[in-house]
Structure formats: structure tokens, C-alpha cells
Amino acid sequence: NVSYGILVHGYCCLGEFSKAYDLLEEMMQNSMHPDVFHYSSLISGYCKFGFLKEALKLYETMGTNGVMPNLVICITLFDGFVKEGLVNEGFEFLDKQHACGIMGSSFTYAIVINCLCKENKTKKAWEIFKLMEARGLLPDIVVYSTLINGFAKEYRIKEAFTLFGRMMKHGVVPNIITYTNLINSLCNYGRTHDAFHWFKELTMQGLIPDKILYTSMISGFCRQRDMQMAWKFYQMMEENGLLPDIVTWSCLIDGFCKSHKMDKAHFLEDKITRMGFVPNVKTYTPLIIEYCNKGDWDQAMKMYGEMKKKGISPD
RNA sequence: CCUGACCAGGAGACC
């Protein structure tokens, strides 16, 4: 049962639901029955790929098959509603789920706070945070990190760091995501020097920088037109065995374009296509824009044509 | 005894 669970989960993560169902068929032929894990994998997968309707259908049918929805299922569906923008429907659903203890879960609050932050409503998000504490719940690392990210996106460095301090005071240990969010709040203000300080701090805490953190740093330096440091971080990244992805490359290309180093930008563009990366519209836009700004329409059109030849359509 | 499911982080123009 567990092995099938792992495989079903894998297919659901990939969005290959028919393969997941094939496996369920197979296990039933071997007189095993899907349990709550199989259902939640399917429901979560459907939600991630935007098939909330299918997820809800499964939720209805699992009960008739003798498998009771649990907290994880309820949270998954609530998140599914909210991510589809169906916030009211999500709360209506919540109202019917008190039995599974959903109102006592920090996951529920994290989902609401994340939704508010995405809409740039950190004031409201902060109120939810306080409500959570008032109700005697302890915000966890995800809740703190989510709200810190919300502040970062609204350029509220001070609030981000105050919350970080509060988190530490409550004994919640920051992870790589928390630090990345703090660093982004600094980079968004062009304070790459301070960002570097926190980068060193987190490594001193024993955390290992990952691809996203490196890319955040690189992006910050690129936006400051500090290509020396951006490149230095790219090299550090590779030295530490991390492979840049298309986002990392696009940041660097953008940085070189904005620094008017078109030879370097083209060098990278060439390099990554030869490495088999699939460029996207965000990879090409900085090149086209730089040529437009220079008034070099021929080159701009050439890049545009090259982009379309690769089957990428402009947005 | 061990193993499977749920929430948070990175890129482009203009404004």
C-alpha cells in the first residue's frame, strides 16, 4: 500500500492522473484498497494543476468508499479554493470542516496570510497573524516566512526584520526560505551589501545556500548593475555544485543587457542554448529592450525573430 | 522499527 502510495504521489505531482488511476486499479486487483494517502495525493495533484472540480468530486466519493477525509485533505482543498481565487467558497468550505480541527491548524492561517500577501494586503495579513496568536495558536516557520515575504514584496524592510526578531524570540528557528525572504527585502531596496551580510550570517548558522538563494543574490546584484558581484555569486554557486537554471541565466542576461554589455549577454544566451536550456520570453525580453533603447531596430527585430523561431510567443 | 499525502522563497518593459 505504501509503495503504491509513493508511486501514485509521484504521478500526481507530474499531473499524470491516468497513470495514477492505472496504479490504483492494479492495487485493487491485488485486493488492496486506496487509503487516505492515495486520495490526498490525487486531490492535491488536481488542485495544483487547476482541476479543483475533480478534486472536489474525489472528496465526495472517498467518503462513500469508506475513507474519511482528514485534516490534510481539508487543508489541501481549502488551499485549492483560495489559489483559484475562490476565497468565499473556500471559507464556506472551511465552515463545514470544523470536525477535522482545521481551525486549529497553522496551515490554515498560512494559506490565508499567503493569499492576502499575494494581493499586497499585508495589513490584513498582519491582523490574521495577531488573531492567530490571540487564539492561542503558535505561528510556525511557514507562517513567519510567508508574512516576511509579504513585507519584503511591499518594500517594508523594517516590518520584515521586526517580525524576524519576534520569530527568534519565540524560539522558531529560521530556515533557508526565511533568510531568502529577508535578503529579498534588502535586495528590493538595492541594499545588496546588507544582503551579503545576511548571506554570510545564514551560512554561519549552518544553513546551505540553495539555487533560489543564489539566484536572489544574483538578481539583486544585477538590478544594482553590479555584474562583478553577480558573476562572483554565479561562480560560487557552481563551485558549490549547484546548477543555475533558466531563471538564474535570465537574471544574468538581463543584468548584462542593462549594463550595456551585449557581447556578454549574447555569450550567455548562446552558451545556455548549447547547454540545452529552454529560453522563454523572460530570457529574450531584456535583449530586445536593450536594442530598442539603443535605437538598434535591426538587432531588436533579429532577436524577436530568433525568439519566435524557437516557438516562443511574446507576452 | 523504518517508509507515502497538505501551507511559505528567485528573473523581464511601462507606470
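Since we're looking at a predicted model, the values are computed, not measured. By convention in this document, chain letters (A, B, ...) are assigned in the order of the sequence lines, proteins followed by strands, and residues within each chain are numbered from 1.
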Report task. Start with the C-alpha gap between A/F233 and A/F196, add the side-chain angles, then the distance that decides, and say whether ring-ring contact (aromatic ring centres under 6.0 Å, His included) holds. Result -> CA-CA 10 Å; A/F233 268 83; A/F196 195 11; 5.3 Å; yes

Requested in this report: Give each stem of RNA chain B as a range with a range, requiring at least 3 consecutive Watson-Crick or G-U wobble pairs whose two distances are under 3.5 Å.
Outcome: none

Report summary line: In numerical order, the residues of residues 6-36 of chain A whose heavy atoms come under 4.0 Å of RNA chain B are A/I6, A/H9, A/D35

**Report entry** Verdict with supporting geometry, A/C47 and A/L77, side chain to side chain contact (heavy atoms under 4.5 Å, CB included)
**Finding:** CA-CA 7 Å; A/C47 288; A/L77 283 167; 4.3 Å; yes

Query - Letter per nucleotide, 5' to 3', of nucleotides 8-15 of chain B [B base touched, S only sugar-phosphate touched, - untouched; heavy atoms, 4.0 Å] - result: BBBBBS--

What do you reckon, are the aromatic ring centroids of [X] and [Y] less than 6.0 Å apart?
X: A/Y234; Y: A/W249; value: yes
X: A/F93; Y: A/Y59; value: yes
X: A/F199; Y: A/Y214; value: yes
X: A/F91; Y: A/F81; value: no
X: A/F151; Y: A/F164; value: no

Query raised in the report: Is the shortest heavy-atom distance from the side chain of A/K310 to the side chain of A/Y284 under 4.5 Å?
Result: yes

**Report entry** Test item: A/C115 and A/K121 side chains (from C-beta on) under 4.5 Å apart, heavy atoms
**Finding:** no

**Report entry** Interatomic distance, A/F37 CZ vs B/rG4 C1' [rounded to whole Å]
**Finding:** 6 Å

Report summary line: Taken to the nearest whole Å, CG/A/L58 to P/B/rC6 is 15 Å

Query raised in the report: Between the side-chain atoms of A/S40 and the base atoms of B/rA5, is any donor-acceptor pair under 3.5 Å?
Result: yes

Query raised in the report: Would the number of heavy atoms belonging to other residues, nucleotides or ligands and lying under 6.0 Å from NE2 of A/H33 be above 12?
Result: no

